[in-house]
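Here the structure comes first, spelled out in structure tokens, and everything after it is commentary.
Every number for a ligand or one of its atoms is a count from 1 in the order of the listing. Index from 1, following the sequence.
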Amino acid sequence: MARERWPTRLIFLFAAVTSAIGLGNVWRFPYLAYKYGGGAFLLPYLIALVVAGIPLLILEFALGQKLQKGAVDALASIKKKFSGIGWLALFVGFIVISYYAVVMGWALIYFFTSIGLQWSGDAKAYFFNNVLQLSDSINVVGNIVPAVFIALVICWIMIYLSVWKGTKSVSKVVSWTVPIALILFIALIIRSVTLEGSLAGLSFYLTPNFSALFDTEVWIAAFSQIFFSLSVGFGVMITYASFNKQTNDIAKNAIIVGISDTLFSIFVGFIVFGTLGFMSTAQNVPIDQVVASGPSLAFVIFPKALSLMPFATLFSMIFFLILVVIAYDSAFSLVEAINTVVVEKTKIRREYIALVVCILGFLAGLIFATNSGLYFLDIVDHFMNSYALITVGILECIAVGWVFGAERLRAYVNKVSEIKIGVWWDYAIKYIIPLALSIIVALQLKAELVENYGGYPDWAIVVGWVAVLAPVVISFLVPQKRVKISIS
Ligand code: PHE
């Protein structure tokens with residue numbers, strides 16, 4: 001059977017960029033930057049982009065394109081046991097999408113409640129009390145919140161329909177949302193950086209803090225955010241590149257995706273920190289105490305910023321519609337990566353597999369739609385990204401760097417690419433990335449064994465660890481057993 005192909009090189013690039021740009025840029029990046037002190041985060045983040053983000057993007061593009069296989073089979077063709085790395089990547093992606101769709105659901109709720117700007121009194125109270133109906137602590141799990149539930153159902157139906165109909169419909173939607181998104185974001189940037197007090201926010205954001213470079217927590221957040229934001233370590237980019245012809249350019253595409261994604265995040269930062277500066281001046285509190293730092297940040301700051309715009313209702317509707325759309329094509333890419341592998345393995349029709357994946361993803365996400373959903377989301381997001389995703393990154397480097405051969409893959413990249421990659425890439429893949437990531441994970445682990453992440457109770461931390469370890473165990477033990485059985 002002939003492999004599916006992207007119609008043109010540009011469409012592949014578009015698909016990769018729209019997978020990368022998503023809630024990671026608008027929701028996750030700002031709250032990490034705020035949590036870790038603005039300028040203290042930006043510098044490690046940019047270093048992580050250059051040291052690990054773009055090199056791994058090159059690795060994933062090259063692997064998929066050279067081997068013409070989805071994540072699991074591509075890694076398995078290096079060595080049979082490495083199929084576990086591919087499964088792990090997909091599993092991590094599955095857990096991520098289960099809460100990602102919930103955040104997309106919040107955006108959908110804001111789209112509808114833009115009519116009449118229902119949060120205009122107090123954006124913070126509106127988010128916690130009206131949208132999330134958040135309980136006082138994680139110990140009070142409560143019930144499923146009806147509005148979030150309905151939004152989640154709608155989001156999953158949207159995702160299912162697009163996976164079912166294939167990539168064509170998505171590229172159509174995206175081709176008109178990207179220009180609108182750009183105009184809107186520029187308008188928002190101009191508005192927020194001209195607010196009174198915004199300069200204080202911007203200087204908090206842009207002034208580097210070199211002492212933060214000694215904090216492992218900042219580093220782990222920076223590296224995992226780079227992976228999350230570039231959709232690296234989830235099998236997505238391997239899959240997308242596998243639909244390319246083997247002669248497609250790799251290096252340039254990786255650089256374009258890496259840079260456009262990062263620029264987008266940085267611009268979003270201007271809106272967020274400009275508004276934070278304004279709020280800090282208006283309320284007369286220091287910037288780092290204006291709002292709670294955490295996954296709620298974007299849903300307090302953007303509504304606030306939007307309510308200060310002229311034609312606020314209209315702008316809000318457009319903004320949240322765009323947020324839904326950019327979340328949607330990222331979510332879509334994750335489901336597509338899982339789908340591709342299962343179709344390759346089972347030969348069951350893709351619409352059935354997509355249906356099962358979407359239903360399971362929806363069910364897994366219900367916990368995040370409860371009254372204590374935000375707490376669980378915070379924990380699972382932290383553990384998946386800080387531990388599981390970083391592990392995938394390390395393992396991919398080992399598999400390619402040491403077993404497949406970094407030189408060999410780089411020779412292929414250079415054969416097809418206009419920009420030639422130097423020998424530094426081999427060192428990055430073989431030594432620097434795996435070593436650096438292992439050290440920061442170990443240090444972080446040590447710190448978190450002493451003090452629970454986010455001050456959550458022990459049982460909640462156990463939930464986080466189960467979310468990390470279950471995929472690892474299943475990915476490596478179960479398939480290996482099956483291989484043994486089939487051999488005997
Ligand atoms: N990169 C996407 C974002 O930043 C999230 C994502 C992760 C999408 C993994 C696909 C795979 O929002």
Side-chain angles (χ1 to χ4, degrees), residues 13-33 45 48-49 52-54 56-57 60-61 64 70-71 86 88-107 155 159 162-163 167 170 174 177-178 181 221-241 254 256-269 295 298 322-341 357-358 361 365 377 380-381 384-386 388-390 392-393 396 471:
L13 198 57
F14 226 48
V17 169
T18 54
S19 165
I21 292 181
L23 296 170
N25 307 69
V26 183
W27 160 71
R28 206 168 184 276
F29 173 82
Y31 91 70
L32 292 175
Y45 185 73
L49 169 74
I54 292 181
L56 270 173
L57 207 47
E60 292 206 348
F61 280 171
L88 180 60
L90 295 180
F91 220 129
V92 172
F94 175 78
I95 297 181
V96 166
I97 199 183
S98 71
Y99 66 80
Y100 198 89
V102 174
V103 181
M104 182 177 159
W106 300 344
C155 289
I159 299 169
S162 69
V163 180
T167 47
V170 177
V174 168
T177 47
V178 169
F223 274 98
S224 52
Q225 172 60 14
I226 274 292
F227 289 3
F228 186 95
S229 198
L230 296 184
S231 309
V232 155
F234 298 91
V236 171
M237 293 307 191
I238 300 179
T239 304
Y240 270 14
I256 292 174
V257 173
I259 291 183
S260 46
D261 181 73
T262 304
L263 281 179
F264 197 86
S265 287
I266 290 178
F267 283 141
V268 168
I322 284 168
L323 200 53
V324 170
V325 172
I326 64 176
Y328 155 78
D329 44 45
S330 298
F332 161 84
S333 72
L334 265 175
V335 176
E336 187 63 18
I338 300 174
N339 242 12
T340 303
V341 167
V357 172
C358 290
L377 199 152
V380 173
D381 178 67
M384 291 319 288
N385 289 290
S386 303
L389 184 57
I390 298 264
V392 176
E396 279 186 356

Item to complete: List the steps and the verdict of side chain to side chain contact (heavy atoms under 4.5 Å, CB included) for Leu230 and Leu56.
Response: CA-CA 10 Å; Leu230 296 184; Leu56 270 173; over 6 Å; no
Worksheet item: Between CZ of Phe332 and CG of Asn339, what distance do you get to the nearest 0.5 Å?
Response: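 One gets 9.0 Å once the value is rounded to the nearest 0.5 Å.
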Ligand-side contact atoms (ligand 1) for residue partner [X], heavy atom cut-off under 4.0 Å:
X      : result
Asn25  : 4 (O)
Leu23  : 12 (O)
Val236 : 11 (C)

For [atom], what's the nearest protein heavy-atom neighbour? Residue, atom name and distance, please.
atom                    : value
atom 6 (C) of ligand 1  : Ser231 OG, 3.7 Å
atom 9 (C) of ligand 1  : Phe234 CD1, 3.2 Å
atom 11 (C) of ligand 1 : Leu334 CG, 3.3 Å
atom 1 (N) of ligand 1  : Phe228 O, 2.8 Å
atom 12 (O) of ligand 1 : Tyr100 OH, 2.5 Å
atom 3 (C) of ligand 1  : Ala20 O, 3.2 Å

Item to complete: Begin from the C-alpha positions of Leu23 and Leu323 and carry the test side chain to side chain contact (heavy atoms under 4.5 Å, CB included) through to its verdict.
Response: CA-CA 7 Å; Leu23 296 170; Leu323 200 53; 4.0 Å; yes
Discussion item. Using only atom types and a distance under 3.5 Å, with no angle test, would you say the side chain of Tyr45 pairs donor to acceptor with the backbone of Thr262?
Written reply: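 Here the side-chain-to-backbone pair does not exist.
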Worksheet item: Does the Asn25 side chain pair with the main chain of Gly22, one donor and one acceptor, at a distance under 3.5 Å?
Response: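 Side chain of Asn25 to backbone of Gly22, a donor-acceptor pair under 3.5 Å: yes, one is there.
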Practice prompt. Specify the closest pair of heavy atoms between Trp27 and Ala298, including all atoms of both residues, with the distance to one decimal.
Written response: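 Residues Trp27 and Ala298, closest heavy atoms: CA-CB, 3.8 Å.
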Practice prompt. Considering non-hydrogen atoms only, spot the tightest contact between Met237 and Ser231 and give its length.
Written response: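 That closest heavy-atom pairing would be CG-O, 3.6 Å.
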Practice prompt. May I ask which of Ser333, Gly22, Ser19 has a heavy atom nearer to atom 2 (C) of ligand 1 than the others do?
Written response: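 The nearest heavy atom belongs to Ser19.
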Discussion item. Evaluate Leu230 for polar contact with ligand 1, using N/O atom pairs at a separation under 3.5 Å.
Written reply: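 Between Leu230 and ligand 1, no N or O pair is found under 3.5 Å apart.
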Fill in: side chain to side chain contact (heavy atoms under 4.5 Å, CB included) between Phe234 and Leu389, intermediate numbers included
CA-CA 8 Å; Phe234 298 91; Leu389 184 57; 3.7 Å; yes
